Amino acid sequence: MATKAIELPSAAAAHEKSSSGAGGAAAVFFIPKSVITELYTSGISVGTANTVTNPLDVIKVRLQLARNQLAAGAKPPGMVATGLNVVRTEGVTALWSGLGPSLARGFFFGGARLGLYTPIKTVICGENTKPSLEMKVLSGSLSGGLAAAVTSPIELIKTRLQAAGRDPTVPKTSMGVIRAVVAADGVAGLWKGAMPGLIRSAILTAAQCATYDEVKRSVTAATGWTDGVELHLTSSMIAGLVTTTITNPIDVIKTRMFVGGKSYSGPIACAAHVLKSDGLIGFMKGWSASYARLGPHTVIMFLTAERLRKYAGLQSL
């Protein structure tokens with residue numbers, strides 16, 4: 001594995017002392033070049049997928065929040081009706097609400113959760129050991145959880161911008177959201193909903209990467225296909241279906257906590273409210289919109305990632 005050596009100030013001083021005859025080894029911090037490449041190729045892949053699927057993300061958020069805006073017993077609109085209503089009342093550009101934070105989150109959060117999957121898997125299993133499904137799930141959970149913990153404020157800003165609609169009292173810019181959240185809840189408020197977001201990210205990455213990894217190898221064994229668009233497309237479509245179903249309940253809780261602020265004391269209280277008001281089916285609210293977004297998102301992300309990895313000289317996922 002190629003590495004890029006960066007000498008820290010103390011290491012440089014030690015090196016000078018050694019060269020003058022005083023002895024002592026220089027401390028050198030090694031950053032694997034392949035890890036850096038993993039991060040930026042993954043960031044670009046997720047950012048590309050976020051841009052294409054942002055309208056579906058907006059519709060998903062509106063569907064999940066529809067219950068709070070309807071009279072008791074009223075039936076919430078479907079995915080198409082919700083999208084048409086957004087365009088009719090707010091204009092086409094509203095479908096790209098929150099794109100700025102979405103791109104920032106895609107590059108940093110997406111780059112970290114997808115880009116760290118392979119390095120973590122290699123550290124856990126070793127370079128010459130075939131990883132088991134359990135090890136793939138663990139690797140995805142670690143990379144996803146770590147990425148979400150750091151970038152949760154960006155997700156909160158994105159969600160609030162997408163949920164804003166035409167309400168004149170709601171901030172319409174990223175800085176406006178930040179000021180409103182800090183004024184109401186303090187700096188810690190920027191991490192409101194971080195725990196369900198972290199759990200969702202860990203499960204999302206584990207399900208997405210591990211499923212894609214396993215399905216890809218199973219399809220290869222069954223069909224004899226080599227790395228190519230057919231294999232990547234089939235594997236990513238199945239991975240998107242599995243991932244959406246597993247993460248939708250957590251996504252519902254996360255969205256309500258992001259938008260609700262102090263309305264819920266924690267994820268358990270939020271889940272209890274969903275169960276009481278909507279029943280178990282409430283945790284699947286917005287599933288069609290989630291899959292309509294996450295399905296294509298997963299396909300675009302993996303297809304782009306595989307192509308970029310090939311150009312960058314990295315192994316296929």
Side-chain angles (χ1 to χ4, degrees), residues 57-79 82 98 105 109 113 137 140-141 144-165 167 169-170 177 180-208 241-294:
D57 201 23
V58 171
I59 294 171
K60 179 200 71 174
V61 170
R62 299 295 178 89
L63 276 174
Q64 290 176 340
L65 297 174
R67 174 78 183 186
N68 300 336
Q69 302 168 356
L70 295 173
K75 184 178 180 180
M79 179 180 168
T82 299
R105 178 179 177 272
F109 165 71
R113 77 176 184 85
V137 170
S141 299
L146 177 62
V150 175
T151 62
S152 184
I154 301 177
E155 172 74 354
L156 181 144
I157 295 167
K158 175 181 76 74
T159 302
R160 293 210 176 186
L161 286 175
Q162 291 176 338
D167 187 343
T169 65
V170 177
V177 171
V181 171
V182 172
D185 303 323
V187 175
L190 293 172
W191 272 267
K192 189 74 173 180
M195 185 54 67
L198 190 154
I199 295 171
R200 177 188 180 276
S201 176
I203 296 175
L204 167 68
T205 309
Q208 205 171 44
L241 178 63
V242 172
T243 303
T244 302
T245 304
I246 292 175
T247 61
N248 203 82
I250 302 169
D251 200 28
V252 169
I253 296 171
K254 174 180 70 76
T255 298
R256 293 202 180 190
M257 288 191 68
F258 276 157
V259 177
K262 290 184 175 180
S263 300
Y264 307 106
S265 60
I268 295 178
C270 183
H273 180 267
V274 173
L275 183 62
K276 181 179 179 181
S277 60
D278 301 327
L280 287 175
I281 196 65
F283 291 105
M284 286 294 133
K285 187 177 291 294
W287 185 95
S288 59
S290 291
Y291 181 67
R293 186 254 176 188
L294 191 55

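Note that the coordinates shown come from a computational prediction; the quantities given were computed from them, not determined experimentally. Any value given below was found using the heavy atoms of this structure, including those in side chains, with hydrogens, waters and symmetry copies removed.
By the neighbour-count criterion of 12 heavy atoms within 6.0 Å, atom CD1 of Ile268 is sparsely surrounded, having that number or fewer from other residues, nucleotides or ligands. Environment of CE in Met284: crowded, with over 12 heavy atoms of neighbouring residues, nucleotides or ligands closer than 6.0 Å.
Atom NE2 of His273 sits about 12.0 Å away from atom CD1 of Ile253, to the nearest 0.5 Å. Residue Ile250 holds its CD1 atom at 10.5 Å from CG of Leu198, rounded to the nearest 0.5 Å. Separating the OG1 atom in Thr151 from the CG atom in Leu146 is a distance of 9.5 Å, to the nearest 0.5 Å. Taking CE of Met195 as the reference point, atom SG of Cys270 lies at 14.5 Å (rounded to 0.5 Å). Atom CD of Glu155 sits about 7.0 Å away from atom CZ of Phe109, to the nearest 0.5 Å. Expressed to the nearest 0.5 Å, how far OG1 of Thr244 lies from CG of Asp251 amounts to 9.5 Å.
No donor-acceptor pair closer than 3.5 Å links the side chain of Asp278 to the backbone N or O of Phe283. Side-chain N or O atoms of Asn248 include one that pairs as donor or acceptor with a backbone N or O of Lys285 at under 3.5 Å. Using modelled atom types, one side-chain atom of Ser141 and one backbone atom of Val137 make a donor-acceptor pair closer than 3.5 Å.
Arg113 and Thr205 form a side-chain donor-acceptor contact under 3.5 Å, judged by distance and modelled atom types alone.
Using a 4.5 Å heavy-atom cutoff, the side chains of Gln208 and Leu294 are in contact. By the 4.5 Å heavy-atom criterion applied to side chains, Val274 and Arg256 are counted as neighbours.
Across Leu156 and Leu190, no two heavy atoms sit closer than the pair CD1-O, 3.9 Å. When all heavy atoms of Met79 and Ala292 are compared, the pair lying nearest together is CE-CB, 3.2 Å.
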